[in-house]
Structure formats: C-alpha cells, structure tokens
Amino acid sequence: MKVTVFGSGYVGLVTGACLAEVGNEVVCIDIDQKKIDNLNKGIIPIYEPGLETLVKENQQDGRLRFTTNIAEAISHGTFQFIAVGTPPDEDGSADLQYVLAVAKSIAEHMNDYRIVVDKSTVPVGTADKVRAVMVEVQAKRGIDIEFDVVSNPEFLKEGSAINDFMKPDRIIVGTDNPRTGELLKALYAPFNRSHERVITMDIRSAELTKYAANAMLATKISFMNELANLAEMVGADIEQVRNGIGSDSRIGYSFIYPGCGYGGSCFPKDVKALERAAEQIGYTAELLNAVENVNHRQKQVLFNKIVRHYQGDLAGKTFALWGLAFKPKTDDMREAPSRVLLEALINAGAKVRAFDPEAMNEAKRIYGDKPGLVLVETAEEALKDANALCVVTEWKNFWSPDFELIKNTLKDAVIFDGRNLYQPSILKKLGITYYGIGRP
Ligand SMILES: NC(=O)c1ccc[n+]([C@@H]2O[C@H](COP(=O)([O-])OP(=O)(O)OC[C@H]3O[C@@H](n4cnc5c(N)ncnc54)[C@H](O)[C@@H]3O)[C@@H](O)[C@H]2O)c1
C-alpha cells in the first residue's frame, strides 16, 4: 500500500520504517530540511535501538523515501499519517498548529481520495478540527474531494519503539466510516498475525484513549513516589512495599518503581494537556492535577537530599551525574529529571560532570558550553574530582558499577541514587554513604 508519513521524529520515523519493512511503499516528509538531508545520507537523527538498520535496509530496497516536497508526498499515499509534534502551549494545552498545518497542506494538494490518519497525540475534537480545515481549504480551491479522518494514536515506547510497533498490545482505530476501518485493518494486518490487535471505536474515544493510557501510567508513578516519600518518613522501605503490592495481580509489578520523577516527551505534556482540556470544559481534574504536582516535587527530591547532606553548602562542590536521558535506551532529554537536578546544582554554585551512554550529543545541543557543566566520555571520568555521585537514569551499565573505584575516586564517597539501583546494606558495608528514594 502507499503510505505518506508527516513528521520524521520518534513516531514518524518508526511508523514509516515499520510500515515499509512489511512491504508498503512509504514516503516520509518533514519540514526540517537538515533532518531529511541527513536521512537521505543514512544519518538517523535519534537514537532508537534497531531503527538505523531498519531505515537503511528499507531505503536501499526502495520502499522508504524521505522528502521535503509536499506535493510529491501528498500525491503518493492513500494513507496520509500525521506524526508531527503536539508540544504544550503556553498554558499547557496541546498546541495543534503543526497538526492543522499538515491538514491544510493535504487539502491544498490532494487530487484524489485520502485517508488522513492522526497518530499524533491530540485532544478530543481534533479530528473535527482537521476535517473543518480541510473542508475550508477545499472550498477555497473550489473542489470537493472525498476524504476520511481517522484517529490512530501511537503507544510505542522510546527505547523499544520498533518492537512495540511490530508487536503492539493494541492498535486503536477511531473512525466513523466502517470502510475506512477495514482499510486500516488491512494496512495493519502484518502486525496482527498471532491475534487481532485492532480495536475499532469512535473517533473521540480513540483520541481520549491515548491520554487515558498516559495519564494512568503517570498516576501509577506519582502514586509510588508519594508512597516513597511517606515510607522514608515513617521508616519503611518502599522497595519492600513495592514487592508487597506488586504481587497482587490487580496491581501488578509494572510501572510502580519509585524514582526521581517521570520525564520525556509524553507523560508531562499529556497529563497537563488533559488537565487543561478538562478545565476548558469546566471540569477540574483533581487527580491529574495531583499527579502533576507530585511529579514536579519529585524532580526536586534528589537535590533536596544533596542540600541536606551538605547542609546547604554546595558552592565549590562537584557532582558526578550518571544519566541524562529521561529513561534508558533513548537519547531523549525532553523534561528529563536530570535537567532539573543539574540546573539546580549549578544554580547553587556546584559543578556537574555528566555522562550518558547515548544522550551526550543531545546534552551538547541543549546546554552548549554551559558554565559549571562538563560533559564527559565515560562514567568513570564523571567521578574524577567529584564529591559525590548522583544516578538519575537506570541505564543497564550503571547497575553493577565498581564500587571500590567509586569510593576511591569520589572525595566524599556518597551516592544519591534516584532510581534505587543499589543495595543500601552493601554500600554501607563498603563505607559508602547512600541515599535512595523511599528507603530508610
Ligand atoms: N515520542 C514518543 O515516544 C511518542 C509516543 C507516542 C505518541 N507520541 C506523540 O506523537 C507525536 C510526535 O511525537 P515525536 O516524539 O515523534 O515528535 P518529534 O518532535 O520527535 O518529531 C516531530 C517531527 O515533525 C516535524 N514536523 C513539524 N511540522 C511538520 C509539518 N508541517 N510537516 C512535516 N513535518 C513536520 C518536525 O520537524 C519533527 O521532525 C506527538 O504528538 C507525541 O505526543 C510520541
């Protein structure tokens, strides 16, 4: 089938590459000329396991092309996927300008039936707005070409995006036209071999399903962080509590890890956007508000522990920081807890030596030569001249470090562990002062 994908970021690139991999002819279009030039040279703009190989192989086989040419892209695909960003507006609501710009472009150039598939995360009612923009543009062109708008939210996780796309838990298709639903089912058939994963529903429910999923996951995290803070105050160990409640099948073990807050391009913005959307229709989303506030506070927890340990005197101290990406296996630093910590440390007069296995280029792009921040090439190098170590992202290579080396290199032999990677009792025996999240 012929597919066009607008936006060559995390979602667009993965969608394009995976749909090409199963045999479709895919054209990916982006307004970022440099990104497209790089992709045409085989340079992948993001780190995502398996993506580079998939993109290159499908490019070589001629099933995946990259362009900035709008007319060419729109004349190519019967399916026109929208996978552009929906960043937060000034007040936190989803900014739809990129989505609506794509809708406008499609209507300006279409000469044939098109299925506009919205994969971006958008508030309820966006499909109606997309449709309205397209009808208006067509009217100006003096044409009335049939099209459908489908909501097909994406649930991939950065770090395992290819696998998530190839073997999704579910494929949500929101449509008001059964025939279009069938066409989407046919497009997704290769990902449904073991069992049917497509769940068809009305458009508004599909739009809300994406926000509901992210809000639920963010709620689980904030709930555990709230409990972790309580555990600390009452002398309980949140890791034992986690095991205790995870064993209840109604609760389960996933997404109940306490830590230094959630980040990334989705949870923070989607919780906020849902909250604002509720507000706009006169409903106060108390729970979502609390989830967001708890997370905001949690991002300060490591810094507060550091301040307490050093009795407020951070000037002239140096901190090794392991992990810049908002989670392992990605280079994405959007809303990452590492940023809150490193900026707070530097504002307090400390220096930071930071390392991440994949996000160094992203950190350079964001911070440039920020005074007080040194980006280093290895985890060990971060420890040099540092007073203490802060672990912010749970990359596998940080799980079993050489504690003797850490102890002998750090000036103060203190670890602030924002992901509860280490055993407090073992570190105590080694003579390392340890601070975790929600542990006595
Ligand atoms: N990143 C994730 O893990 C994830 C997962 C599920 C859903 N989503 C949602 O998917 C959407 C995209 O997220 P992302 O992380 O891929 O964003 P991204 O910022 O990585 O990529 C968006 C791309 O769209 C391009 N773009 C903007 N306007 C355009 C236009 N008019 N035509 C063509 N390209 C245009 C940008 O240049 C950019 O390359 C968002 O709504 C996000 O909430 C993201």
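In listed order, ligands and their atoms are each counted from 1.
- Residue contacts with ligand 1 for Ser120 involve both N, CA, C or O and side-chain atoms from C-beta outward (heavy atoms, distance under 4.0 Å).
- Counting only non-hydrogen atoms, the option in Asp30, Asp32, Leu13 that gets closest to atom 37 (O) of ligand 1 is Asp30.
- Under 4.0 Å is where a charged nitrogen must lie from a carboxylate oxygen, and between Asp128 and Arg204 at least one such pair does.
- When each of Thr4, Leu184, Val116 is paired with Phe79, the side chain to side chain contact (heavy atoms under 4.5 Å, CB included) condition holds for Leu184 and for no other.
- Of the N or O atoms in Tyr98, none lie within a sub-3.5 Å distance of an N or O in ligand 1.
- A ring pair (Phe, Tyr, Trp, His ring centres under 6.0 Å) with Phe416 is found for exactly one of Trp322, Tyr435, Phe303, Tyr434, namely Tyr435.
- Given atom 31 (N) of ligand 1, the protein heavy atom at minimum distance is Val102 CG2, 3.6 Å.
- Annotation: atom 21 (O) of ligand 1 to nearest protein heavy atom, Gly9 CA, 3.3 Å.
- Polar contact with ligand 1: absent for Lys210 (N/O pair, distance under 3.5 Å).
- Within the structure, the closest approach of Lys269 to ligand 1 falls below 4.0 Å when heavy atoms are considered.
- With Lys119 contributing its side chain and Asn152 its backbone, the two residues share a donor-acceptor pair below 3.5 Å.
- Closest to atom 2 (C) of ligand 1, if we only count protein heavy atoms, is Glu158 OE2, 3.4 Å.
- Between Lys34 and ligand 1 there is no heavy-atom distance shorter than 4.0 Å.
- Ranking the protein heavy atoms by distance from atom 28 (N) of ligand 1 puts Ile31 CD1, 3.4 Å first.
- Listed by number with element, the atoms of ligand 1 under 4.0 Å from a non-hydrogen atom of Ile29 are 33 (C), 34 (N).
- For atom 22 (C) of ligand 1, the closest non-hydrogen atom of the protein is Gly85 N, 3.7 Å.
- Looking at ligand 1, you'll find an N or O of Thr86 within less than 3.5 Å of one of its N or O atoms.
- Contact annotation for Arg334 and ligand 1: only side-chain heavy atoms (C-beta onward) come within less than 4.0 Å of the ligand.
- Salt-bridge formation is detected for the pair Arg276/Glu279: a Lys NZ or Arg NE/NH1/NH2 atom is positioned less than 4.0 Å from an Asp or Glu carboxylate oxygen.
- Taking atom 24 (O) of ligand 1 as the reference point, the nearest protein heavy-atom neighbour is Gly7 CA, 3.4 Å.
- Close contacts of ligand 1 with Lys35, meaning ligand atoms under 4.0 Å from a residue heavy atom, involve 38 (C), 39 (O).
- Salt-bridge formation is not detected for the pair Glu275/Lys272: no Lys NZ or Arg NE/NH1/NH2 atom is positioned less than 4.0 Å from an Asp or Glu carboxylate oxygen.
- Applying the 4.0 Å criterion to heavy atoms of Glu154 picks out, from ligand 1, the atoms 6 (C), 7 (C).
- Ion pairing of Arg131 with Asp176 is present here, as a side-chain N (NZ or NE/NH1/NH2) and a carboxylate O approach within less than 4.0 Å.
- Counting heavy atoms from C-beta outward, Ile46 and Glu158 have side chains that stay 4.5 Å or more apart.
- Nearest protein heavy-atom contact of atom 13 (O) of ligand 1 is Val11 CG2, 4.1 Å.
- Residue-to-ligand polar distances keep Lys119 apart from ligand 1: every N/O pair is separated by 3.5 Å or more.
- A tilted orientation is assigned to the rings of Tyr47 and Trp395, their planes being inclined by 30° to 60°.
- Ion pair Arg297/Glu226 flagged as a salt bridge, since at least one NZ, NE, NH1 or NH2 atom sits closer than 4.0 Å to an Asp/Glu carboxylate oxygen.
- Among all non-hydrogen protein atoms, the one lying nearest atom 11 (C) of ligand 1 is Val84 O, 3.3 Å.
- Looking at Ala161 against ligand 1, nothing comes within 4.0 Å, counting heavy atoms.
- The existence of a salt bridge linking Glu182 and Arg179 is excluded, since no basic side-chain nitrogen approaches an acidic carboxylate oxygen closer than 4.0 Å.
- The side chain to side chain contact (heavy atoms under 4.5 Å, CB included) test with Phe66 singles out one residue from Ile29, Asn38, Asn40, and that residue is Asn40.
- For the pair Arg170 and Phe155, the cation-pi test (distance below 6.0 Å, angle within 45°) is passed.
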